[in-house]
Number of protein chains: 4
Amino acid sequence: MKEDKEKEQRILDTAAELFSRQPFHKVLLSDVARVAAVGKGTLYLYFKSKDDLYFAVLLREFSSLVASMQRFLDENDLTPDEELAGVVGILARHVYARSFNIELIGYVVTCPVTEEWQRLRASLWDLFEGIIQRGIDQGLFRDESPALTARYISGLVRAVCLFTPAGADLDELCRHAATFVLRGLGVQR
Amino acid sequence: MKEDKEKEQRILDTAAELFSRQPFHKVLLSDVARVAAVGKGTLYLYFKSKDDLYFAVLLREFSSLVASMQRFLDENDLTPDEELAGVVGILARHVYARSFNIELIGYVVTCPVTEEWQRLRASLWDLFEGIIQRGIDQGLFRDESPALTARYISGLVRAVCLFTPAGADLDELCRHAATFVLRGLGVQR
Amino acid sequence: MKEDKEKEQRILDTAAELFSRQPFHKVLLSDVARVAAVGKGTLYLYFKSKDDLYFAVLLREFSSLVASMQRFLDENDLTPDEELAGVVGILARHVYARSFNIELIGYVVTCPVTEEWQRLRASLWDLFEGIIQRGIDQGLFRDESPALTARYISGLVRAVCLFTPAGADLDELCRHAATFVLRGLGVQR
Amino acid sequence: MKEDKEKEQRILDTAAELFSRQPFHKVLLSDVARVAAVGKGTLYLYFKSKDDLYFAVLLREFSSLVASMQRFLDENDLTPDEELAGVVGILARHVYARSFNIELIGYVVTCPVTEEWQRLRASLWDLFEGIIQRGIDQGLFRDESPALTARYISGLVRAVCLFTPAGADLDELCRHAATFVLRGLGVQR
DNA sequence: GATGAATGAGCCTTCATTCAT
DNA sequence: GATGAATGAAGGCTCATTCAT
């Protein structure tokens, strides 16, 4: 019933694409099926409902983001300020490439939050909070409430990417955002 | 078709409430009518369609926010850092009180942006940008790109309000956000 | 929402007709709507679901049958054997005219029996049982178990009407059925 | 396509069970396959369609019933009244044990009657009619229309078995039904 | 102007049937 | 022969919109 992982991924890719371009109710499952080149009924072999598909997209995108940020931290031995600049850049590029992704969260906020989603979201915050805390411990950062700040950052990046002025350069955007965040944490730059 | 301003406001209030708590497609016009205590057909005397009602809510909420921020600036003779702290507080309280822009803005992002909405959104950014620019001119702030920063701020505030840890104090939250933003702009605090 | 009793009856009439000619799953609500000359959505103003419509048909038909039998008993002052012959005739004509009616019961048997339906069905049995008991009391009938016999009779009539040999005369059929039942109760004829 | 008789029987057994407990449209072929422990595709090696399976069940059940009744008559040398009491008992026990013909026959009534089904049904009636006729010929029974009476009996038995009052004893039930039928045929008991 | 019963286009979902393995 | 993933036609149901009152 769900052997074909490749097909499942194709459905998720398609759904991610479509959900990022239109609000939930404008995305038709017949479109998803057509674009993914599967039968409409096939969707239901892999996902219980339209909502289920939606959340699956959300979870996959978000967890791949968090994973890539975590990998970045693991594979590089950096100072907290370098780490923060790095993950802000990753986040920005991710949001920029697939502007929906973080946007999808808007929907989810009003829904009964699933445990899995809550856990995932917390893991992003924990990641930020951990960096900030290390920076504070090393005397690099100043922050009265790392938990709050961790929550700022994704919102901040999201906003700038969504509403980026036309013609902006992505690299510059990442640099600017990182600088702002680091200054916000008391780093002199 | 538009005599009864009081009724129109009641409809908008109701719609604002409902649209802020659920995704667009889960808000039924029959619910709006029932809660607003008007007939379903009456909605169409005041608004052309569901989309039209939605945008009317969005515009009203957003413009009242911008107006109250502008009023704050006009009625007080403050330094740029005081101004920024003030409007951040206003924004935070607004988002916190009516989490309207959760879904509201979420939906609108994927929609064909109307000119009016674009103008309104720009006015918020301009407001922030103006303060930042004045701060820079007065040597209070440092910022390489006030236009980008203006876009950060609302996203930042939105995020912290949406995902505020349980038990957080709103005043402290506002103070923290303001401090972060001001530090981000190079203010020593 | 359900002012128009006339429209509701038209829907019920149509549904009764269609449900009597085809099994449940072959009856399309779009057909019901078309034949009843109402919109498809209108059906849902009067009935919660297809099942609900089905049961409404069943209940209406059955209760009208029981009511007409009861009226026959009330309006005539007859001996038990005359009463029994009369109600058997009424039942036979009813089944014959709308062969579905009793047939519908087949479906209902396998369903979670609603209280209302149970009550209605019991009222038919009670009606038969009452007549039989009066007959016994007056020394006209012999029966060791009027409750069981009451359950026979509708099944008996149903069967003969459904499977009546081609060319049979309805009056003769009623007479024959009544005779059989009365003899079954020990009446010499 | 039809080698494995054992598997075919398992499918028929399962289908008989399920079709007798739920209306046609609620019985899913995937359920039949699962319960029968065969693949869904396998069903189509033995039966052309869902309808085909349905009628196969109906025919098998019904013909086994008729066969067992016929065997009873052949293997015992009885008087018509004994024969009738016997076959009524067989019928009652059959219906009682597998309420198959609740839904089964219910559905079939509204369907285009196949020739095979018609023939089978007629064989049951003929069996009853034959007994009745012999009883009349021997002066045991009185009946103006054995053909009609033959049609009563199965309906009568069916009804009592379906709607049997809770706690009833099957043996007593059979005795009572037989007595009623025999009295209906003018036998003094 | 106000209403809400009526409408029907359109979507999600189901499930009998097929066919590649 | 056996399987069950894949299919897509079809139907139940919803809900924005209309319009007669």
Side-chain angles (χ1 to χ4, degrees), chain A residues 1-4 7-8 11 24-34 36-53, chain B residues 1-4 7 24-34 37-54, chain C residues 1-4 7-8 11 24-34 36-53, chain D residues 1-4 7 24-34 37-54:
Chain A
M1 179 172 173
K2 37 172 62 188
E3 291 304 301
D4 197 336
K7 188 168 292 188
E8 182 172 358
I11 294 171
F24 185 86
H25 71 283
K26 292 250 186 97
V27 175
L28 309 189
L29 289 192
S30 48
D31 289 337
V32 176
R34 188 175 35 75
V38 298
K40 224 191 310 187
T42 306
L43 300 179
Y44 286 83
L45 292 178
Y46 293 89
F47 305 97
K48 270 203 305 293
S49 67
K50 187 179 179 182
D51 267 334
D52 190 50
L53 174 59
Chain B
M1 176 177 169
K2 42 175 66 172
E3 291 306 298
D4 196 337
K7 189 171 290 189
F24 185 84
H25 72 281
K26 291 234 184 123
V27 175
L28 309 189
L29 289 192
S30 52
D31 287 339
V32 176
R34 188 175 37 76
V38 299
K40 221 186 329 178
T42 307
L43 299 179
Y44 286 83
L45 295 177
Y46 294 88
F47 305 96
K48 267 205 312 291
S49 67
K50 185 179 180 182
D51 269 336
D52 191 50
L53 174 59
Y54 181 88
Chain C
M1 180 171 173
K2 33 174 64 189
E3 292 302 302
D4 197 336
K7 189 168 291 187
E8 181 172 356
I11 293 170
F24 186 85
H25 72 283
K26 291 250 186 97
V27 175
L28 309 190
L29 290 192
S30 49
D31 289 338
V32 176
R34 187 175 37 74
V38 298
K40 222 191 310 185
T42 305
L43 299 179
Y44 286 84
L45 292 178
Y46 294 88
F47 305 96
K48 272 203 306 293
S49 66
K50 187 179 179 182
D51 268 335
D52 190 51
L53 173 59
Chain D
M1 174 175 174
K2 40 176 70 174
E3 289 309 298
D4 195 337
K7 189 170 290 191
F24 184 84
H25 72 282
K26 290 235 183 121
V27 175
L28 309 188
L29 289 192
S30 51
D31 287 338
V32 176
R34 188 174 38 73
V38 300
K40 217 180 340 170
T42 306
L43 300 179
Y44 285 84
L45 295 177
Y46 294 88
F47 305 96
K48 264 205 313 291
S49 67
K50 186 179 178 182
D51 269 337
D52 190 51
L53 173 59
Y54 181 87

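Each chain gets a letter, A, B and so on, in the order the sequences are listed, and its residues count up from 1.
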TODO: Spell out protein contact along nucleotides 15-21 of chain F as letters: B when the base is contacted, S when just the sugar-phosphate is, - when no protein heavy atom is under 4.0 Å; keep the 5' to 3' order.
DONE: SSBB---
TODO: Please state how far atom CD in Glu8(C) lies from atom P in dA5(E), giving the value in whole angstrom units.
DONE: 13 Å
- [ ] Mark yes or no: Lys26(B) above the aromatic ring of Phe24(A), with NZ or CZ under 6.0 Å from the six-membered ring centre and no more than 45 degrees from the axis.
- [x] no
Open item on the list: Could you work out, with side-chain hydrogen bond (donor to acceptor under 3.5 Å, both in side chains) as the rule, every residue matching Asp52(D), not counting sequence neighbours?
Closed with: none
TODO: For the pair His25(A) and His25(B), name the ring-plane relationship: parallel under 30°, tilted 30 to 60°, perpendicular over 60°.
DONE: parallel
Task: Separation of dG4(F) C1' from Tyr46(A) OH (nearest whole Å) - done: 11 Å
Task: Between NZ on residue Lys7(C) and CG on residue Leu43(C), distance to nearest 0.5 Å - done: 10.5 Å
Task: Leu45(C) CG to dT7(E) P, straight-line distance once rounded to whole Å - done: 9 Å
- [ ] Find the distance between CG (Asp4(C)) and CG (Leu45(C)) and round it off to the nearest 0.5 Å.
- [x] 10.5 Å
- [ ] Find the distance Leu53(C):CG to dG11(F):P and express it as a whole number of Å.
- [x] 16 Å
Task: Closest heavy-atom pair and its distance - Lys40(D), Ala33(D) - done: CA-CB, 3.8 Å
Open item on the list: Counting runs of three or more consecutive pairs, Watson-Crick or G-U wobble, with each distance below 3.5 Å, where are the stems of DNA chain F?
Closed with: E:2-21 with F:2-21
Open item on the list: Do Leu53(A) and Leu29(A) make a side-chain contact, defined as non-hydrogen atoms from C-beta onward lying under 4.5 Å apart?
Closed with: yes
Task: Whole angstrom value for the distance that separates C1' of dT13(E) from CZ of Phe47(A) - done: 16 Å
Task: Distance, rounded to the nearest Å, where Leu43(B) contributes CG and dG1(E) contributes C1' - done: 14 Å
Task: Nucleotide dA10(F), atom P - distance to CG of Asp31(C) in whole Å - done: 13 Å
TODO: Provide, to the nearest angstrom, the distance between the NZ atom belonging to Lys26(C) and the P atom belonging to dG12(F).
DONE: 14 Å
